[in-house]
Asks: 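What follows is a single structure, and I will ask about it in a moment.
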Amino acid sequence: MGCCYSTSKRTRTPGYEEPTVLASQTPFTVSEVEALHELYKKLSNSIIEDNLIHREEFQLALFRNRNKKNLFADRIFDLFDLKRNGVIEFGEFVRSLGLFHPNAPLEDKITFAFRLYDLKQTGFIERDELKEMVLALLHESDLELSDDMIESIVDKTFSDADINGDGKIDQEEWKAFVSKHPSLIRNMTLPYLKDITLAFPSFVVRTEVEE
Amino acid sequence: VAPATMNAFELISKSQGLNLSSLFEK
């Protein structure tokens, strides 16, 4: 039967989770999760047709270039890949994007940004990590700064954020720093997600589940 | 912007790799 075939076909997709479940655990409605599934199908079949987002497919979507190396895109991919099995499954995609929803708790956005910048995952943002990220940003942009200038920027930022002066930024210091500089997590909110079904109507093929 | 007044995290946050809106471009 048509209805049952459609359901079983979706169930066989690795990592597929029911929109009703995902909607109950994220800021998205069921319709929005279904719209995200249409986007997910496109992204997850752009290079390897297996309904899973591989790193190269993520890079391709972000940069229109599958081979573009970018420290921050790698970090985002790793954080989205909650099971750490090298791919972003649909449930991981929706749950992670939920953090970028305008209605997601600010606290969650601040924590995600902290984990993003804690490159070595030590529970702290250290000075060498901050410098590595500044160098990575300069590498991808046209901005050229002398090493002295870079050191000066890193020193100033670090001394502003490292309140207790122990040489590393902990989560509490990060929260305090972000509260003084809220623009730091501006990129943690994607206004499109507020109503993805209206912003991307072509992704909404049909609503299979009653809201 | 004078380098001394730059905030390193502000610089970093401008990375294209952190701009997920690109995922939604058709």
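Since this is a predicted model, take the numbers as computed values, not measurements. Proteins come first, then strands; the chains are lettered A, B, ... in the order of their sequence lines, and each starts at number 1.
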Asks: Which atoms of A:Leu116 are under 4.5 Å from chain B, going by heavy atoms: the side chain, the backbone, both sets, or neither?
Replies: side chain

Asks: Quick check: does any side chain N or O of A:Asn187 sit under 3.5 Å from a backbone N or O of B:Asn19, one acting as donor and the other as acceptor?
Replies: no

Asks: Would you compute the distance between atom CG of A:Leu145 and atom CE of B:Met6 and round it to the nearest 0.5 angstrom?
Replies: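 Between A:Leu145 CG and B:Met6 CE, I get 5.5 Å after rounding to 0.5 Å.
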
Asks: Atom CG in B:Leu18, atom CZ in A:Arg186: separation rounded to 0.5 Å?
Replies: 13.5 Å

Asks: Could you please state which residues from residues 50-62 of chain A sit under 4.5 angstrom from chain B, measuring non-hydrogen atom to non-hydrogen atom, sorted by number, or 'none'?
Replies: A:Phe58, A:Ala61, A:Leu62

Asks: Between atom CG of B:Leu23 and atom CG of A:Leu43, what is the distance when rounded to the nearest 0.5 Å?
Replies: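 Here the interatomic distance stands at 6.0 Å.
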
Asks: May I ask you to decide if B:Gln16's main-chain N or O and A:Glu140's side chain share a donor-acceptor pair within less than 3.5 Å?
Replies: yes

Asks: If you compare all heavy atoms of B:Ala8 against all heavy atoms of A:Val134, which two are closest, and at what distance to 0.1 Å?
Replies: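 That closest heavy-atom pairing would be CB-CG2, 3.7 Å.
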
Asks: Pick one of side chain, backbone, both or neither for A:Leu135, based on which atoms fall under 4.5 Å of a heavy atom in chain B.
Replies: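 When you check distances to chain B, no heavy atom of A:Leu135 falls under 4.5 Å.
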
Asks: Using a heavy-atom distance cut-off of less than 4.5 Å, which residues of residues 79-86 of chain A contact chain B?
Replies: A:Phe80

Asks: Could you tell me which portion of A:Tyr117 (side chain, backbone, both or neither) has an atom closer than 4.5 angstrom to a non-hydrogen atom of chain B?
Replies: side chain

Asks: Side chain, backbone, both or neither: which part of A:Ile150 has a heavy atom under 4.5 Å from chain B?
Replies: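 Answer is neither: A:Ile150 stays 4.5 Å or more from chain B.
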
Asks: What verdict does the side chain to side chain contact (heavy atoms under 4.5 Å, CB included) test give for A:Phe158 and B:Phe9, after you've listed the backbone C-alpha separation in whole Å, the side-chain angles of each residue and the deciding distance to 0.1 Å?
Replies: CA-CA 10 Å; A:Phe158 215 84; B:Phe9 287 110; over 6 Å; no

Asks: Write down the atom of B:Ser21, the atom of A:Tyr192, and the distance for their closest heavy-atom approach.
Replies: CB-CE1, 3.2 Å

